[in-house]
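Structure record follows, encoded as structure tokens.
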Protein chains: 2
Amino acid sequence: MAGKDNSVNIKGDGAKATGAYHHGDLRAAVIAAGLTRLAEGDGAELGLRALARDVGVSATALYRHFPDKEALLDALADEGLRRLGALQAQAWLKAGGGVAGFKATGIAYVRFAHDEPALFRLSFTRQMPERYTKDAGDGGEVAYNLLRAGVGEALPGVDPDTAALHAWALVHGLAMLILDRRIEWDEAKVAEVVGLTFGGVG
Amino acid sequence: MAGKDNSVNIKGDGAKATGAYHHGDLRAAVIAAGLTRLAEGDGAELGLRALARDVGVSATALYRHFPDKEALLDALADEGLRRLGALQAQAWLKAGGGVAGFKATGIAYVRFAHDEPALFRLSFTRQMPERYTKDAGDGGEVAYNLLRAGVGEALPGVDPDTAALHAWALVHGLAMLILDRRIEWDEAKVAEVVGLTFGGVG
DNA sequence: CTCGAAATGTTTACAGTGACAACATATGGC
DNA sequence: GCCATATGTTGTCACTGTAAACATTTCGAG
């Protein structure tokens, strides 16, 4: 697949737009460019130089905003989790909460993985930063809280911890199997499988 | 040459052992060394040169046996699937078949992921070779057949296709979540979660 | 057995990567 | 207005996968 051109030319979203040396908000621009690349070429191995070129900046400039590549990827992963959480919350509301909302949440999880395979994979593959306690408003916790909330309604008699883990593992497994091409993406099928344990055919 | 060594010295399993130029069965030796490396350093990014050094051979020698690095990784992934299938079959037999055997199969799946995280991840991350039809005796199919066999007994009334997918996704999700440090490895917990859908507490 | 073709391994080299150090330029507080 | 600091650039290094040319061993045909 060719090799050059295509430069996405994602600049900062306004800020200063100095035009020359300084970029305005490079950190945000780099993350945006990274997300774009992840959304387009699935297998393409996101490199620092390509990213810098997208933003129109020298390769080593990125090191002023991220200690190393890992940190950059961590930032992208974090954004991925945030988006996932937002989509799940949205699905929950749209379905009117309750068991139906809970199921919709699960389906949104798998759909996100299907729509943004590279971002989803990155988001979950990143090593947990150790200091990942129960506070901190990063997206992962939002998603997990929704999960805990819904699981009580769907399976009243069961230990909520076990049920939550079951639900999470189920959708995560579906997501990964779809990403890795072990199974095909099929929303109806996903709904059916999720419904097997968590009642409510609706 | 051959002054240093230090290398792990994984040679072929007998063959000729020419001693000098020719290695005997380099392909097998490389795969063995690769599996060893995968089993030891989880995060360590398996490189061609390191692998060649382990085997005591020049880096480019590997290209006589694999078209490129991808092909080598594919071979390792295949071996991983084969081992997974073997462990599952073993677990099934040890539990005496039936529903208990089916559950044991699922637990073995997760345990394998926990015991060999890098190999498990590699095995499932590799792109499917396209020509992955229902024949071919490679490990993946063995595992899937076991799955189909067990699912009928565990959930008599349910569409076996849906049930099989459910079971697979569940254990795969648990495996991936453990690999990515989202949850802790806890065999009892895994058994409990698997038992939630697939009855039989015992 | 001899001999040349094929298989296997080596050396050298190249383009691409993440990262560091030294240097250049813009920004903002005094 | 001036200088400390943040930000961006150029040059370089070690390392990676891999291609090309060369060396050695093995094997089958005469």
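The structure displayed is predicted, hence computed values, not measured ones. Below, chains carry the letters A, B, ... as their sequence lines are ordered, and counting in each starts from 1.
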For this session: Ignoring the backbone of B/D68, work out which of C/dA19, D/dT18, C/dG9 is nearest its side chain.
Result: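 Of all the options, the side chain of B/D68 is nearest to D/dT18.
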Problem set entry | Nearest-neighbour nucleotide for the A/H65 side chain, D/dG8, D/dT18, C/dT10 considered | D/dG8
Exercise. Should A/K189 and B/D161 count as an ion pair when the cut-off is N to O under 4.0 Å?
Worked result: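 Here A/K189 pairs with B/D161 in a salt bridge, since their nearest N and O are under 4.0 Å apart.
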For this session: List for me each residue that meets side-chain contact (heavy atoms from CB on, under 4.5 Å) alongside A/L35, sequence neighbours excluded, and say none if there are none.
Result: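 side-chain contact (heavy atoms from CB on, under 4.5 Å) list for A/L35, sorted by chain: A/I31, A/L76, A/E79, A/R83, A/L119.
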Atom-pair distance ([atom1] on [X]; [atom2] on [N]), nearest Å:
X	N	atom1	atom2	answer
A/E70	C/dA19	CD	C1'	13 Å
A/K69	C/dA19	NZ	P	8 Å
B/L48	D/dG17	CG	P	4 Å
B/L51	D/dT16	CG	C1'	14 Å
A/Y63	D/dT7	OH	C1'	16 Å
A/R64	C/dC23	CZ	C1'	10 Å
B/L26	C/dT8	CG	P	10 Å
A/L46	C/dT17	CG	P	11 Å

Salt bridge (charged side-chain N to carboxylate O under 4.0 Å, His left out) involving [X] - partner list, sequence neighbours excluded:
X	value
B/E116	none
B/D186	none
A/D115	none

Under 3.5 Å, which protein N or O atoms sit close to an N or O of nucleotides 10-12 of chain D? Give each pair with its distance.
from: D/dT10; atom 1: O4; to: A/T60; atom 2: OG1; distance (Å): 2.7

For this session: Name all residues meeting the side-chain hydrogen bond (donor to acceptor under 3.5 Å, both in side chains) criterion together with B/E192; count only those two or more places apart in sequence or in a different chain, and write none if there are none.
Result: A/T162
